[in-house]
Amino acid sequence: MITKDKVEAAQKEWLNGILIIGELKDDRVKCEEYTRNFISKMYGFDKYAVLFKPTKTSQIQFRNSFEGAL
């Protein structure tokens with residue numbers, strides 16, 4: 001069963017991951033490695049159809065693949 005606590009824990013984990021990606025932005029190799037793991041864990045492209053929309057996109061607004069999200 002999905003509980004409020006589980007949702008809040010997932011949101012916190014997602015937020016922390018986004019913050020780490022921002023901290024790693026100056027080291028492309030580490031940032032990409034972390035981001036690949038983060039996307040795999042948090043979005044489940046390998047299990048489900050995902051409609052990923054980065055916040056500040058203007059040309060290709062929706063990404064439906066792992067590589068597109070990366």
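All heavy atoms count here, side chains included; hydrogens, waters and symmetry mates do not. Everything quoted here is computed from the prediction, not taken from an experiment. Along the sequence shown, residues are numbered consecutively beginning with 1.
For the pair Phe38/Tyr43, a side-chain contact is recorded, criterion being any heavy-atom separation below 4.5 Å from C-beta on.
Across every non-hydrogen atom of Met42 and Ala10, the tightest pair is CE-O, 3.7 Å.
Glu8 CD to Thr3 OG1: the interatomic distance, rounded to the nearest 0.5 Å, is 8.5 Å. Atom-to-atom distance recorded for Asn16:CG and Glu23:CD is 9.5 Å, nearest 0.5 angstrom. Atom CD of residue Glu67 and atom CD1 of residue Ile39 lie 8.5 Å apart, to the nearest 0.5 angstrom.
A 6.0 Å sphere centred on CG of Leu15 holds more than 12 heavy atoms belonging to other residues, nucleotides or ligands. Glu32 CD: more than 12 foreign heavy atoms inside a 6.0 Å radius.
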